[in-house]
Amino acid sequence: MHLSSVKLSLAKGCSLSEKPYALVVLVSGSGSNLQAIMDAIAGGTLDAQIACVVSNKRKAYALERAENASIPTHVAPLKPYLREGHTREQYDVDLAQVINGYAPDLIVLAGWMHIVSAAFLDVIQAPVINLHPALPGTFPGTHAIERAYEAFQRGEISQSGCMVHHVIPEIDAGEVITQAIVPFTAGESLDDYETRIHAAEHRIIVEAVRQIQLAKA
Ligand SMILES: Nc1nc2c(c(=O)[nH]1)N[C@@H](CN(C=O)c1ccc(C(=O)N[C@@H](CCC(=O)O)C(=O)O)cc1)CN2
Ligand SMILES: NCC(=O)N[C@@H]1O[C@H](COP(=O)([O-])[O-])[C@@H](O)[C@H]1O
């Protein structure tokens, strides 16, 4: 950039070192939603940077995805921590402090299979959002896709879906950022329905990050 342009930029109050919109992504499993975020960033449709991928499972394939992309990782298995005599709350607080160290603008729970405590939410210094494979107010917790599918089989519902919401102490009850409805198809297997849910998740998780980023701009 030519010197006069530099001066002009500085005069306009532009920072020459705009800090990228930093994400810390928490995972426990395969990481297909992490991959969706990585692909959106690589493809230029999401203007962000993943500062760190955190997992509570040492063998989570999501960690391999991050390492293959030279994204920093942090592994925080709970059981050894508890065996050392620490409490679950201390685990949460210590983890929140590690995450804060990456100065994230947003924390994304993308298949993070731990309930985070109020202590975690008190210490963390950025908004926390969660991807849940069910619609607002339905099937909170784990195994939501299976539970929705079984409800459809019992004739109780005709559709389910997925959502991204802000994280509060109550499980899957935070303000909804975005959601996708995925109607059931009669005769469809659970695996086929789950595949359609995951495809919808891969869209809305990127959409949710973009929405929050733009709201902050
Ligand atoms: N305080 C909150 N924590 C979390 C939320 C939330 O909305 N508020 N969302 C969840 C994600 N999630 C469902 O979307 C979820 C994940 C895990 C559990 C759960 O019961 N975990 C057990 C352990 C399960 C296991 O290790 O297999 C636990 O934490 O004891 C419930 C909901 C993320 N956290
Ligand atoms: N209650 C939380 C929960 O069930 N989260 C679910 O874990 C999966 C993670 O997949 P991934 O590891 O391939 O991204 C996703 O389906 C996500 O909705």
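Sequence positions, counted from 1, serve as the residue numbers for this chain. Computed from a prediction, not measured in an experiment: that's the story for all the values here. For ligands, and for the atoms within them, numbers begin at 1 and follow the listed sequence.
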Compute the shortest N/O to N/O distance between [X] and ligand 2 and return yes if it is under 3.5 Å, no if not.
X      : value
Asp172 : no
Gly141 : yes
Ser32  : yes
Ser30  : yes
Met113 : no

Ligand 1 versus [X]: contacting region, heavy-atom distance under 4.0 Å:
X      : value
Glu170 : backbone
Asn130 : side chain
Val167 : side chain

Return the option from [options] holding the heavy atom at the smallest distance from [atom].
atom                    : options                       : value
atom 29 (O) of ligand 1 : Asn56, Ile168, Ile115         : Ile115
atom 17 (C) of ligand 2 : His114, Glu194, Gln35, Glu201 : Glu201
atom 14 (O) of ligand 1 : Arg88, His132, Met113         : His132

| message | Minimum heavy-atom separation for Pro127 and Asp105, please, with both atom names. | response | CD-O, 3.3 Å
| query | What pair of heavy atoms forms the shortest contact from Pro77 to Arg58, and how long is it? | reply | CG-NH2, 3.3 Å
In terms of atom number and element, which parts of ligand 1 are under 4.0 angstrom from non-hydrogen atoms of [X]?
X      : result
Trp112 : 11 (C), 16 (C), 33 (C)
Gly141 : 13 (C), 31 (C), 32 (C)
Leu109 : 33 (C)
His114 : 4 (C), 17 (C), 29 (O), 33 (C), 34 (N)

| task | Would you kindly say whether His202 and Ser32 are connected by a side-chain donor-acceptor distance under 3.5 Å? | result |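 A pair is found: one side chain offers a donor N or O, the other an acceptor, under 3.5 Å apart.
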| request: Check ligand 2 against His198 and write out every atom of the ligand that is under 4.0 Å from a heavy-atom position of the residue. | output: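 Heavy-atom distances to His198 below 4.0 Å select 16 (O).
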| request: Below 4.0 angstrom from a heavy atom of Gly111, which ligand 2 atoms are there? Numbered from 1 as shown, please. | output: 5 (N), 7 (O), 9 (C)
| Would you call Gly174 a ligand 1 contact, heavy-atom distance under 4.0 Å? |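 Contact check Gly174 vs ligand 1: negative.
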| field | atom 6 (C) of ligand 1 - nearest protein heavy atom and its distance | value | Asp172 N, 3.6 Å
Mind checking whether [X] and [Y] have side chains closer than 4.5 Å, heavy atoms only?
X      : Y      : value
Gln213 : Leu46  : yes
Val182 : Tyr193 : yes
Thr185 : Asp192 : no

| message | Tell me whether Leu131 reaches ligand 2 (any heavy atom closer than 4.0 angstrom to a ligand atom). | response |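 Heavy atoms of Leu131 do come under 4.0 Å of ligand 2.
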